[in-house]
Amino acid sequence: MSKKLTDFLQNYLKKKSIFKNKKALQSNYTPKNVPYRGEQINQLAGILAPALRMEKPSNVFIYGRPGTGKTLVARHVINDILKIAKENNINIKTVYLNCKLKKIADTEYRLIAQISREFEENVPATGLPTDEVYKIFLRSLEKKKQILIIVLDEIDQLVKKIGDEILYNLTRLNSELKESEVSFVGISNDLIFIDNIDPRVKSSLSEEEIVFPPYNAIQLQKILRQRSSLAFFDSIIGDGVIEKCAAYAAREHGDARRALDLLRVAAELVERKNEEKIIVDYIDKAEEKIERDKVFDVVIAQPKQYKLTLYSTLQLCNGNNKGIFTGDIYNTYRENCSRCGIKPLTQRRLSDIIAELDMLGIINAKVISKGRYGRTREISLAIPEATVENINQVLKEGLGL
DNA sequence: CGAGATTCATGTGAAGTATACCTTTAGGCTTAA
DNA sequence: AAGCCTAAAGGTATACTTCACATGAATCTCGTA
């Protein structure tokens with residue numbers, strides 16, 4: 001190890017961190033109290049409380065824009081219920097699942113398999129019939145009398161992808177159970193989601209509804225202050241920093257997660273620069289970085305073929321801002337395939353991949369008709385200009401080009 | 001000139017295929033009585 | 001004879017391919033004013 005590096009690491013260890021508890025700013029942190037969500041907490045607690053008497057709670061749907069505290073409130077209420085249940089020896093179990101996660105809960109099979117794994121069942125990734133997995137799950141649930149509360153986050157994404165039949169199957173679960181009972185808490189960012197599903201399913205799965213309004217700037221400030229007092233040592237935050245974070249996040253339909261991310265990333269930048277105070281300028285830098293990282297993380301998590309498709313799109317968009325079409329991308333894609341020795345997929349499949357990249361918000365794809373010249377998707381990038389080059393770089397390396 | 005037919009390039013649905021993995025079953029081998 | 005291992009048979013989910021038909025406005029065609 002070089003002298004320089006050793007020194008750096010030594011110093012790093014000695015240096016006092018500006019964070020008291022960095023976790024308090026991370027998005028999966030559950031604070032002790034949740035400001036401005038008292039009403040929603042009471043509603044949800046009221047709905048779920050019957051579980052403590054071993055009665056099945058009503059199913060609930062929770063709606064609200066991103067970053068309005070839906071997941072947080074659900075976690076909070078459930079934690080408390082679990083705590084009380086434990087103190088009083090009541091048999092309640094809860095499962096939290098994010099339906100958006102690729103390869104984990106993005107199909108009916110995987111969803112049920114994942115829930116079953118929470119019961120220490122060993123369910124293979126493929127090979128079993130889906131109803132067999134249902135049986136494993138039900139059997140496991142019936143081993144002893146209990147109330148199960150399943151929280152399905154971003155359930156709208158799942159239904160968009162595989163259709164609403166799964167919801168119907170979920171509603172029927174209780175009729176197969178003798179001892180235990182299951183309740184669902186569905187969380188959705190899409191406010192009109194429930195209107196587009198089968199009315200029968202709707203009535204049984206959405207017995208109750210809770211709506212989360214966005215936070216306003218004042219509320220965001222309060223939240224930020226509360227969390228930052230947990231996260232930082234005193235007097236680290238400069239004037240106007242909190243206000244600016246709140247203002248930026250309020251602009252994005254009151255997204256508290258974004259506000260907290262801004263503050264955290266800004267602090268990380270400060271720390272890395274060996275400075276001691278967060279000043280307003282860092283918020284702008286943080287904003288840029290978040291924007292960049294957000295796309296980065298999504299892109300990096302994609303399978304190879306998706307990356308290659310995106311890379312080809314990037315190539316075509318570069319410097320050429322008149323619309324590009326599916327056919328163009330496919331040609332470029334094929335070239336790139338042969339360059340890095342990957343077997344090309346069919347255009348049919350690429351069409352689906354483009355649609356998925358569109359859903360992920362990395363590109364904008366709109367089906368248009370060019371009249372005499374056919375029908376196609378008109379595609380443009382949804383990535384901020386400044387990050388294109390970076391992403392291009394990462395893709396290039398990832399694909400060995 | 002304008003209504004209706006044509007056309008193109010690809011969207012899109014359905015069905016088929018490859019792969020990877022599962023359970024069941026039957027046969028063969030080992031083991032212990 | 002009982003127990004265990006292995007391989008074949010028969011099954012599924014998922015990602016992808018193949019096939020076939022659907023789309024929809026620019027362009028073409030042709031009858032009419």
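Here the structure is a predicted model, which is why all the values come from computation and not from measurement. Chain naming here is simple, since letters A, B, ... match the order of the sequence lines and numbering starts at 1 in each.
Near-neighbour residues of DNA chain B inside residues 375-383 of chain A, defined by a heavy atom below 4.0 Å, number-ordered: R375(A), T376(A), R377(A). Applying a 4.0 Å cut-off to non-hydrogen atoms, none of the residues of residues 105-114 of chain A approaches DNA chain B.
Counting to the nearest Å, the P atom of dC16(C) and the CD1 atom of I354(A) are 14 Å from each other. Here the C1' atom of nucleotide dA15(C) and the NZ atom of K161(A) are 11 Å apart, to the nearest Å. F325(A) places its CZ atom 12 Å from the P atom of dA9(B), with the value rounded to the nearest Å. Note: CD1 (I162(A)) to P (dG13(B)) measures 16 Å, nearest angstrom. In this entry the distance linking NZ of K370(A) with P of dT10(B) reads 7 Å, nearest Å. E165(A) has its CD atom 12 Å from the P atom of dA13(C), to the nearest Å. Atom pair I329(A):CD1 and dA9(B):P shows a separation of 17 Å (rounding to whole Å applied). If you measure from atom NZ of K366(A) to atom C1' of dT23(C), you get 16 Å, rounded to the nearest angstrom.
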Polar-atom pairs under 3.5 Å, protein N or O versus N or O of nucleotides 20-25 of chain B: list them with distances, or write none.
none

Check nucleotides 17-19 of chain C against the protein and report each pair of N or O atoms closer than 3.5 Å, with its distance, or say if there are none.
residue: dT17(C); atom: OP1; partner: T346(A); partner atom: N; Å: 3.2
residue: dT17(C); atom: OP2; partner: T346(A); partner atom: N; Å: 3.0
residue: dT17(C); atom: OP2; partner: T346(A); partner atom: OG1; Å: 2.9

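When each of dT27(C), dT12(B), dA15(C) is scored by its nearest atom to the side-chain atoms of Y373(A), the top-ranked nucleotide is dT27(C).
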>> Does L152(A) form a side chain to side chain contact (heavy atoms under 4.5 Å, CB included) with I187(A)? I'd like the steps, not just the answer.
In response: CA-CA 6 Å; L152(A) 298 173; I187(A) 302 181; over 6 Å; no
>> Pair L263(A), V241(A) - check side chain to side chain contact (heavy atoms under 4.5 Å, CB included), show working.
In response: CA-CA 8 Å; L263(A) 193 57; V241(A) 166; 3.9 Å; yes
> Would Y63(A) and I210(A) count as a side chain to side chain contact (heavy atoms under 4.5 Å, CB included) if you check the C-alpha gap in whole Å, the side-chain angles of each, and the deciding distance to 0.1 Å?
Replying inline: CA-CA 6 Å; Y63(A) 302 97; I210(A) 305 179; over 6 Å; no
>> K83(A) vs E87(A), test: side chain to side chain contact (heavy atoms under 4.5 Å, CB included). Steps then yes/no.
In response: CA-CA 6 Å; K83(A) 205 166 74 193; E87(A) 280 165 12; 4.2 Å; yes
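A donor-acceptor contact shorter than 3.5 Å links the side chain of D190(A) to the backbone of I192(A). Looking at E208(A), its side chain never comes within 3.5 Å of a backbone N or O of S58(A) through a donor-acceptor pair. Remark: side-chain polar atoms of S183(A) are paired, donor with acceptor, to backbone N or O of P57(A) under 3.5 angstrom.
Contacts of D261(A) classified as salt bridge (charged side-chain N to carboxylate O under 4.0 Å, His left out), with partners at least two apart in sequence or in another chain: R264(A).
Residue pairs meeting the salt bridge (charged side-chain N to carboxylate O under 4.0 Å, His left out) criterion with at least one partner in residues 142-155 of chain A, sequence neighbours excluded, are K100(A)-E154(A), E121(A)-K143(A). Judged as a salt bridge (charged side-chain N to carboxylate O under 4.0 Å, His left out), not a single pair has a partner in residues 36-65 of chain A (not counting sequence neighbours). The salt bridge (charged side-chain N to carboxylate O under 4.0 Å, His left out) contacts involving residues 337-350 of chain A comprise R348(A)-D352(A), where partners must be two or more places apart or lie in separate chains.
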Expected list for residues 357-368 of chain A: side-chain donor-acceptor pairs under 3.5 angstrom, two or more places apart:
residue: D358(A); atom: OD1; partner: A365(A); partner atom: N; Å: 3.3

Which pairs of donor and acceptor atoms, one on a side chain in residues 109-119 of chain A, lie under 3.5 Å apart (sequence neighbours left out)?
residue: Y109(A); atom: OH; partner: P124(A); partner atom: O; Å: 2.8
residue: R110(A); atom: NE; partner: D106(A); partner atom: OD1; Å: 3.0
residue: R110(A); atom: NH2; partner: D106(A); partner atom: OD1; Å: 3.4
residue: Q114(A); atom: OE1; partner: R117(A); partner atom: NH1; Å: 2.9
residue: S116(A); atom: OG; partner: I112(A); partner atom: O; Å: 2.9
residue: R117(A); atom: NE; partner: V123(A); partner atom: O; Å: 3.3
residue: R117(A); atom: NH2; partner: V123(A); partner atom: O; Å: 2.9

Name each donor-acceptor pair under 3.5 Å that joins a side chain in residues 290-297 of chain A to protein atoms two or more places apart or in another chain, with its distance.
residue: E291(A); atom: OE1; partner: R258(A); partner atom: NH2; Å: 3.4
residue: D293(A); atom: OD2; partner: K289(A); partner atom: NZ; Å: 3.2

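We find that K396(A) and E389(A) are not joined by a salt bridge, their nearest charged nitrogen and carboxylate oxygen being 4.0 Å or further apart.
For K370(A) and F325(A), the positive end sits near the middle of the six-membered ring, less than 6.0 Å away and at most 45° from its axis.
Between the axis at the start and the axis at the end of the helix from dC1(B)-dG31(C) to dT31(B)-dA1(C) there is an angle of 20°, using five pairs per end and rounding to 10 degrees.
Not one side-chain nitrogen or oxygen of S369(A) sits closer than 4.0 Å to the OP1 or OP2 atom of dA9(B).
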